[in-house]
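Contents: one structure, followed by commentary.
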Amino acid sequence: MLDSFIIFATPIFKTISILILIVAYLVWLERKVAAKMQSRVGPYNVGYPHGWLQPLADALKLMTKDDAIPKNSDSLLFNFGPIWIMVVSLASFALLPFYFENPMLNVDLSLMLFIAISSLIIIGIFVAGWSSNNKYALISVLRMTAQIISYEIPLIISLLIPCILIGSLSFGEIIRFQEDVWIIFYPVLGQISFIIFMISALAEGNRIPFDLSEAESELISGYTTEYSGINFALFYLAEYVHLFGICILGSIIFFGGPNGPIFSGNILIVIKALLFFTLILFIRWSFFRIRIDQLLKFNWIKLIPLSFTGLLLACLVKYYMDFN
Amino acid sequence: MGNVNKSLKDIGSFMKLPGANLFISSTKDLFNWAQKSSLWPLSFGLACCAIEMMATFSSRYDLDRLGMITRASPRQADLMIVAGTVTVKMAERIKTLYDQMAGPKWVIAAGSCAISGDHYRHIYSVVPGVDWVIPVDVYVPGCPPTPEAFIDGILELQKIIGKGKTSPTYNTSSIPEEKTLSPLEVAKPVKKSKNLIESKFIDKNEILNFSKELKNNGFTYLKFITATDFDSNIVLTYLLGNNTRNKDVEFNIQLGEDLTIDSLSDIYSGADWQEREVFDLFGIRFIGHPNLKRIMMPDEWIGHPLRKDYVMDAHFYPYRPTRKEYEKWKTEL
């Protein structure tokens with residue numbers, strides 16, 4: 001009984017601890033990149049070489065802070081929101097082959113399952129914003145729900161284009177196909193689907209130019225306005241875990257996962273995901289925020305027709321390749 | 001490894017054992033270190049000191065080096081930097097924001113206005129120092145303080161937090177002494193502009209006919225309405241302009257015991273706000289005004305601040321904390 005429990009629990013524990021460590025230093029990386037882009041230094045004094053203890057200090061400080069629960073809020077749902085988001089964003093990592101050779105959950109439809117699990121995050125966010133009993137949080141989650149539901153369509157279709165070309169939805173098959181050529185180098189279709197994926201990933205990860213739910217000038221700090229202490233830390237962490245999950249997904253689907261020109265190995269997935277994350281950081285710190293109506297109009301009028309055209313093209317290519 | 005040791009020495013101490021170094025820290029020290037290393041300030045500013053504060057946050061001085069990033073929501077902020085003059089209207093908001101911040105929390109009063117009110121100290125609308133409203137940990141002097149002074153104040157606060165002192169220093173001993181200001185000088189006759197063609201006193205019953213006649217003669221622009229309190233009586237001053245001929249007309253009205261006068265808002269719609277201002281600051285009632293209520297002071301304000309009989313410094317007594325409030329703050333922090 002105990003042995004089977006240990007066998008079951010060890011990979012989960014290892015994955016989660018490595019993941020939290022990586023994500024804590026993603027925040028540090030973000031602050032450093034932002035500082036470089038604004039000719040600043042960034043975290044420096046906390047921990048001698050370049051503020052390496054900063055994530056630890058932030059986490060410990062958030063633990064010692066009071067956990068303020070607003071008087072008129074629904075305290076059960078208020079505490080449920082951050083836990084749900086954290087659990088869901090960690091659960092989606094069961095499908096990604098990033099630390100162990102094989103993912104913990106190896107199924108045929110792993111890509112679809114990943115998308116399905118990670119789209120459950122919006123429930124936690126909506127519950128958090130609704131139960132706060134705060135107008136800014138409410139407006140923020142209404143915007144965010146509209147945004148995430150709309151951008152899920154181009155995200156899924158942009159991931160379907162490589163899957164149709166490969167002919168499988170499992171990560172194992174996708175990685176095996178890319179031993180010869182990465183999807184990003186597939187003529188026309190690879191580039192189209194990557195651009196659509198990139199834009200929708202920014203919207204899904206709630207990053208600038210699509211971080212409308214956290215527009216400070218209008219909405220204080222969005223759905224986390226009423227959260228303090230450890231609950232806020234969970235939100236903060238879960239947001240970066242989710243974003244890192246999307247980065248790993250991008251590195252597997254478009255950049256060949258563990259396949260590299262010189263050597264191959266799972267460490268390459270993480271390196272590629274970090275490079276992808278840095279690209280997102282460059283976009284975040286050089287663009288402005290757009291309006292909510294522009295956001296939705298851009299999605300429904302430009303992005304979705306483009307992604308459906310790409311899908312149709314991929315079907316035709318697959319048809320002629322298979323029958324000639 | 002040497003560098004790592006250096007950075008860990010802030011948190012705890014190393015113990016030499018045969019064959020190994022043991023790192024020891026108490027949770028109290030660890031948490032104090034964490035709190036001082038990641039002070040997140042609430043992003044708001046009140047006046048010109050805030051500009052200097054923004055400069056401290058940006059490229060050249062960069063408070064992110066010390067681990068400080070601004071938070072828009074008070075729930076996530078640890079530090080409130082009160083940068084600028086605290087007016088009575090704003091004092092309530094500052095108190096609300098301070099109460100909304102989740103503890104442990106600290107306050108820096110930056111600039112001479114936030115410390116003591118400085119040269120706005122005796123103005124009817126200014127609180128003489130933010131420590132009348134909330135407890136302050138560190139005072140940063142300057143008008144406005146330079147970024148170096150800001151950083152110095154923050155380092156001072158970090159020392160306080162590192163020692164584990166959380167009880168606020170609260171200004172009770174030095175209650176500002178009451179000063180009797182010299183009476184304001186009676187307004188001297190200023191040099192009249194070349195464009196002014198007329199300046200005279202009229203009877204207060206003539207005002208409607210007089211201004212109607214002026215309006216028919218092209219004086220369509222009401223420049224301002226103001227009043228002066230000469231202790232024995234209050235004098236209202238109107239300035240009308242003729243924009244086609246570039247000429248002005250000024251007329252004054254002496255009010256006796258009865259502080260009421262006909263409103264000009266039907267003739268000049270610009271008189272609406274001007275009359276509200278005069279009502280707010282001098283308490284003159286305008287008959288026929290569509291919406292005569294306070295425009296500058298809060299609605300629940302008592303008295304009219306620019307009147308001679310208005311008691312100086314009376315306004316901030318509501319903000320002097322009671323003994324009970326003070327004890328409550330002390331136990332909370």
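Computed from a predicted model, the values in this text were never measured in an experiment.
- Among the candidates B:D64, B:L30, B:L63, the residue making the largest number of heavy-atom pairs closer than 4.5 Å to chain A is B:D64.
- Geometric assessment of A:K61 against the ring of B:W40 yields a positive cation-pi assignment under the 6.0 Å and 45° thresholds.
- When every heavy atom of A:N45 is checked against every heavy atom of B:L66, the shortest pair comes out as ND2-CD2, 3.2 Å.
- Rounding to the nearest 0.5 Å places CZ of A:R40 at 10.5 Å from CZ of B:F57.
- Between chain A and the options B:M68, B:R60, B:M101, B:Q76, heavy-atom pairs under 4.5 Å are most frequent for B:Q76.
- Across all their heavy atoms, A:G42 and B:D62 have their closest contact at N-OD2, 3.1 Å.
- In this structure, CG in A:D66 is found 10.5 Å from CZ in B:R75, a value given to the nearest 0.5 Å.
- Here CG of A:L60 is found 6.5 Å from CH2 of B:W33. Values are rounded to the nearest 0.5 Å.
- Looking at A:E226, the atoms closer than 4.5 Å to chain B (heavy atoms on both sides) sit in the backbone and in the side chain alike.
- When each of A:R31, A:M63, A:Q54 is checked for heavy-atom pairs under 4.5 Å with chain B, A:R31 comes out on top.
- For B:Q35 and A:T64, the side-chain atoms include at least one donor-acceptor pair closer than 3.5 Å.
- For the atom pair OG (B:S73) and OH (A:Y136), the distance works out to 11.0 Å, reported to the nearest 0.5 Å.
- Contact annotation for A:L62: only side-chain heavy atoms (C-beta onward) come within less than 4.5 Å of a heavy atom of chain B.
- Of all the heavy atoms in B:S38 and A:D58, the pair that sits closest is CB-OD1, 2.7 Å.
- If you measure heavy-atom distances from B:S43 to chain A, you find no contacts under 4.5 Å at all.
- Note: B:S59 leads B:A77, B:S59, B:P74, B:A72 in heavy-atom pairs under 4.5 Å with chain A.
- In this structure, A:F298 places its CZ atom where more than 12 heavy-atom neighbours from other residues, nucleotides or ligands lie under 6.0 Å away.
- The heavy-atom pair separating A:K65 from B:D78 by the smallest distance is NZ-OD1, 2.8 Å.
- For B:A34 against A:A57, the heavy-atom pair with the smallest separation is CB-O, 3.6 Å.
- Within a 6.0 Å radius of CE in B:M296, other residues, nucleotides and ligands contribute 12 heavy atoms or fewer.
- In this structure, chain A has a heavy atom under 4.5 Å from the side chain of B:R71, while its backbone stays farther away.
- Nearest heavy atoms, A:V41 versus B:R65: CB-CG, 3.9 Å.
- Your options are A:A68, A:A35, A:S39, A:G51, and the one with the most heavy-atom pairs under 4.5 Å with chain B is A:S39.
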